Enquirer: 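Here it is, the structure in full.
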Number of protein chains: 2
Amino acid sequence: MLSYTEENYLKALLKITFENGSNEAGTNELANTLVVKPATVNDMLKKLKEKELVEYEKYGKITLTSEGRSNAIEVLRKHRLWETFLYEKFDFSWDEVHEVAEQLEHIQSTKLIDKLEKFLDYPEFDPHGDPIPNKKGEIKVHFKKTLADVGVGNSCRMVAVKDNSSSFLQYVVKVGLGINNEIKVLSRQEYDALLVIEVNGQLSSVSQKFAENIFVVCQNCIIGKPCSKIKCEIS
Amino acid sequence: MLSYTEENYLKALLKITFENGSNEAGTNELANTLVVKPATVNDMLKKLKEKELVEYEKYGKITLTSEGRSNAIEVLRKHRLWETFLYEKFDFSWDEVHEVAEQLEHIQSTKLIDKLEKFLDYPEFDPHGDPIPNKKGEIKVHFKKTLADVGVGNSCRMVAVKDNSSSFLQYVVKVGLGINNEIKVLSRQEYDALLVIEVNGQLSSVSQKFAENIFVVCQNCIIGKPCSKIKCEIS
DNA sequence: TTTATTTGTTAGGCAAGCCTAACTTGTATA
DNA sequence: TATACAAGTTAGGCTTGCCTAACAAATAAA
Ligand SMILES: [Mn+2]
Ligand SMILES: [Mn+2]
Ligand SMILES: [Mn+2]
Ligand SMILES: [Mn+2]
């Protein structure tokens, strides 16, 4: 049985590996994610290693064992199912769900999660567009391309957000954006990459920082990088 | 903001005062309820007193302040709403709900509880027949009479259980009993107070211990003690 | 390749909650 | 009233999860 804190460490490691596109993480990286000091992380790593949830040698990189990973995925699964529940059934807005799901994800009851999933009719994505792992621990897609990668004159479809903070999510809504919206990039400033986009016939200006936090899938024409299969599967 | 543990201490105090019919509790009593040692309780009492959640002097009795009491009632409210949710919406049996509700009762989100209550259409009783406090902290009834108080030849209606342990609840089901069932007492053994009862035309023998854990309301004819108003209101 | 900077580690400490063992106070019983 | 027992308290210790300050290793820059 894992503690609340241990679960959060594993979940944070999983998150980092998703973001890095590798399966390695560092002490400071983990400390930043958990808003905790590196020394604290170091203590915990020894315990997690002892429990065979991570692999890790002094001054080396941290990786999840398959045991650790499956625990982390289970927590992520619960988190996203609860977010979906709050959003779908209890009229929470997409910027409100995360905070409560951070608590609910630690409730221990397999039956509860099974019933929850069934009640929601086996959803595939949470309110932020993130994929919900299934009971076997399989996750469908990891989005990589963002609005910042879309070429001028081209269109894309928003599928998820990268930043889940409520301030960002509220901003997204204010700009008139939401999951599944078609976005056309009308122009990009040379100097600061400021974009002018069109959504539902409405024009908005968004910063590069903003654009980098909106995951999109191609409808051909994505700038530079080729269209990876994993992304286009759902486009 | 109260910790998980502090909430459990306050809830336990409330429970004890309900059971005692007074508003006082002792250190050992509290320790037993929480399955913790008296020394531990003593430490915590100092903190709770400091936070003005309990009134308490060395070697004296413990009472909840109105602040402490309202916190305790809020936890109890959440507990019973969650039990009702699990029972009504997720097909949990009445002996399964308590364990999970013990976790869910600590989730901090006023909005969540308001939505939960609305979703359940403002229930008044939980699956065990216990009253659910409303948002103002008001509780409707406290049952006092049990099946053990019913005279031979008389009938009553089961409204709640006193013991919430899953072993007892499963036993109750096995005997063919449930909330709102009519129970007729056919005989009572002189020696050990063993009862023969009739429920839905079916006869069963139940021990005194068993009978003392089934709350009932009168339909006149309750042995000895007069019919207190608070009980009969809902009968 | 030496130096500076980032990254990671160790030692020592603290608060929350729990424990045991020894003690004190209050109450019931003789 | 004296004494025994129950109830409550204190002292000291443990684990978990966090911290700061000082240090060591690895890596990037000069
Ligand atoms: Mn989230
Ligand atoms: Mn999400
Ligand atoms: Mn319960
Ligand atoms: Mn109940």
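So that the names make sense, note that chain A is the first sequence line, chain B the second, and so on, each numbered from 1. Computed from a predicted model, the values in this text were never measured in an experiment.
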Enquirer: Whole-Å distance between dA22(D) P and N42(A) CG?
Expert: 18 Å

Enquirer: Take the protein atom CE of M44(B) and the nucleotide atom C1' of dC18(C), then report the distance between them rounded to whole Å.
Expert: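 In whole Å, dC18(C) C1' and M44(B) CE are 10 Å from each other.
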
Enquirer: Does N71(B) form a side-chain hydrogen bond (donor to acceptor under 3.5 Å, both in side chains) with E6(B)? I'd like the steps, not just the answer.
Expert: CA-CA 10 Å; N71(B) 274 295; E6(B) 287 168 334; over 6 Å; no

Enquirer: Roughly, in whole Å, what's the span from NZ in K37(B) to P in dA16(C)?
Expert: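 From K37(B) NZ to dA16(C) P: 23 Å.
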
Enquirer: Using whole Å, report how far CD of E57(B) lies from P of dT9(D).
Expert: 10 Å

Enquirer: Would you mind telling me which residue lines up with the more 5' stretch of DNA chain D, Y59(A) or V36(A), judged by nearest nucleotide?
Expert: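 Upstream on the strand: V36(A).
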
Enquirer: Does T27(A) put a side-chain nitrogen or oxygen below 4.0 Å from OP1 or OP2 of dT9(C)?
Expert: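 So the side chain of T27(A) is within the cut-off, an N or O lying under 4.0 Å from OP1 or OP2 of dT9(C).
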
Enquirer: Expressed as a whole number of angstroms, how long is the span from K61(B):NZ to dA6(D):C1'?
Expert: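 So the two atoms are 11 Å apart, to the nearest Å.
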
Enquirer: Whole Å only: how far is the CG atom of D43(A) from the C1' atom of dC19(D)?
Expert: 10 Å

Enquirer: Taking 4.0 Å as the cut-off, does a side-chain nitrogen or oxygen of K46(A) come that near to OP1 or OP2 on dT10(C)?
Expert: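 Checking dT10(C) against K46(A), a side-chain N or O does come within under 4.0 Å of OP1 or OP2.
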
Enquirer: Does OP1 or OP2 of dT10(C) have a side-chain N or O of K58(A) closer than 4.0 Å?
Expert: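 Checking dT10(C) against K58(A), a side-chain N or O does come within under 4.0 Å of OP1 or OP2.
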
Enquirer: Report yes if at least one side-chain N or O of T5(B) is closer than 4.0 Å to OP1 or OP2 of dA16(C); otherwise report no.
Expert: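 Indeed not, no polar side-chain atom of T5(B) lies that close.
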
Enquirer: Check the phosphate of dG17(C) against S3(B), side-chain N and O only, distance under 4.0 Å to OP1 or OP2. Yes or no?
Expert: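 Yes, such a contact exists.
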
Enquirer: To the nearest Å, how far apart are N28(A) CG and dA25(D) P?
Expert: 17 Å

